[in-house]
Amino acid sequence: MKYNIAVVGAGYVGLVTGACLAELGNKVFCIDNNSDKIKMLKALKIPIYEPGLERLVIKNVKRNKLFFTTNIGEGIKEATIVFIAVGTPPKENGEADVSAIENVSKIIAQHMTSYKLIVGKSTVPVETGKWIDRTIKLNLKKDVEFDVASNPEFLREGSAISDFFNPDRIVLGVSSKRALDLLLDLYKPIKAPKLITDIASSELIKHASNSFLALKISYINAIARICELSGADISQVADGIGMDKRIGRAFLDAGIGFGGFCFPKDLDAFIKISENLGYDFKLLKVVREINEKQKELFFSKIKSSLWNINSKIIGVLGLSFKPETDDLRFAPSLSIIEMLKKEGACIKAYDPKAMEKAKSLIKDITFCKNAYEVAKECECLLIITEWSEFKNLDFKRLKKLMKRRLIIDGRNILDKERLNNLGFEYIGIGR
Ligand code: UGA
């Protein structure tokens, strides 16, 4: 069956979820209190770069399956299922700020005139579902039935659409048969194992998954250090470890550390959640520490190869926190550029998609229109994001442009031997 659906919050998760549910044939209202964003979306302009999203939004708006509004009352009027996908940004102490969840729960309750299933999609502290339930009960204006459920999203930026349609699993945290039946029916077209559980476990699965992935990255970054100290090669070691099916090769790429709006903030939030519940999650504190250290280590590689940094021209390739996105939130590039600026470097930078966002965020650096323009007169080129175009650069051309042929590859995407043979000095991570 197809449903009338409301998605509150048109950020990464909300917008992708809304567009994909509309693509499945449901009628979806995406709601956001940012009127500029809604205006843009109504004009079929997408505020983020995400492969495939623009096509999906345009198609479904045109066939009257996808609508945008700032008005929660209007958006939820016809909906049976209401997804809450508003942001849970970090507070200063690392805790997730769930005030937007409380706010929208109140407003939803005040506008409810018929049964609704309210589903938590955002990444939230365990027990948030309980609070949503309580808040709705306290703010209902009419005596209507409702259910609360948790259905965390596991999509990755850059591959969000395909992650939505081909997930490893769909987690459904429910407390009633009615809620379960609705969600099972909604997700029927998606062929993926469905884990049915209680709301608290579902909420916890999300934080525990992201923290485990972050842990895998910090683990391999720590092993990369051991490789550097012992002369081993991290790529070989990661392949060897990853061939064990119990471990798996994914998320074992050493580099300058994880960034983005999910891992760093979710890790902090999970440490805080555990602390509030009475558990000191030391393991995750070390994961965070290793990740921070990774950026310093990268910077020390620059320093030890350039001696003085002051006034030297340094080229930065890649600004977004990962390829196929223009997202700069918690991007390692920002920390590295900051460290370089403090030492007086002249920085030139290029990113295939994040230039516009970077220009409003990073001051006093030169933005270039491609990697070759960056390389001109550079004493050192830094690979910060593993965009595939950086893997296939014309290195003979680069060689002629650079003042000193030094490449420091923060993502291990280049072939050290090939570059050495071409006359480059090459420094990677853990190799
Ligand atoms: C992550 C999770 O992968 C998603 O499942 C989850 O839904 C999402 O967070 C979220 O909570 O919303 P995302 O942050 O988009 O997705 O990107 P990832 O592909 O997971 O990469 C995160 C960071 O880890 C990036 O900075 C990336 O460069 C780094 N990374 C990843 C490594 O350094 N090494 C690896 O082997 C893999």
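Order of listing sets the numbers, starting from 1, for every ligand and every atom in it. All values derive from a computational prediction rather than experimental measurement.
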Under 3.5 Å donor-acceptor pairs involving side-chain atoms of residues 252-263, not counting sequence neighbours:
unit_1 : atom_1 : unit_2 : atom_2 : d
D253   : OD1    : R249   : NH1    : 3.2
D253   : OD1    : R249   : NH2    : 3.1

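- S333 contributes a side-chain N or O that, together with a main-chain N or O of L319, makes up a donor-acceptor pair within less than 3.5 Å.
- Figure legend: cation-pi geometry between R329 and F321 absent, as NZ or CZ is not positioned both under 6.0 Å from the six-membered ring centre and within 45° of its axis.
- Checking side-chain atoms of D351 against main-chain N and O of M355 turns up no donor-acceptor pair under 3.5 Å.
- In summary, of the residues considered (F68, F67, F83), a ring pair (Phe, Tyr, Trp, His ring centres under 6.0 Å) with F29 occurs for F67 alone.
- Counted by atom type alone, D185 and Y3 present one or more donor-acceptor pairs between their side chains at under 3.5 Å.
- Residue-level contacts of ligand 1 at the 4.0 Å heavy-atom threshold are E153, F154, L155, R156, E157, K206, N210, I217, F251, L252, D253, F258, G259, C262, F263, D266, F321, K322, R411.
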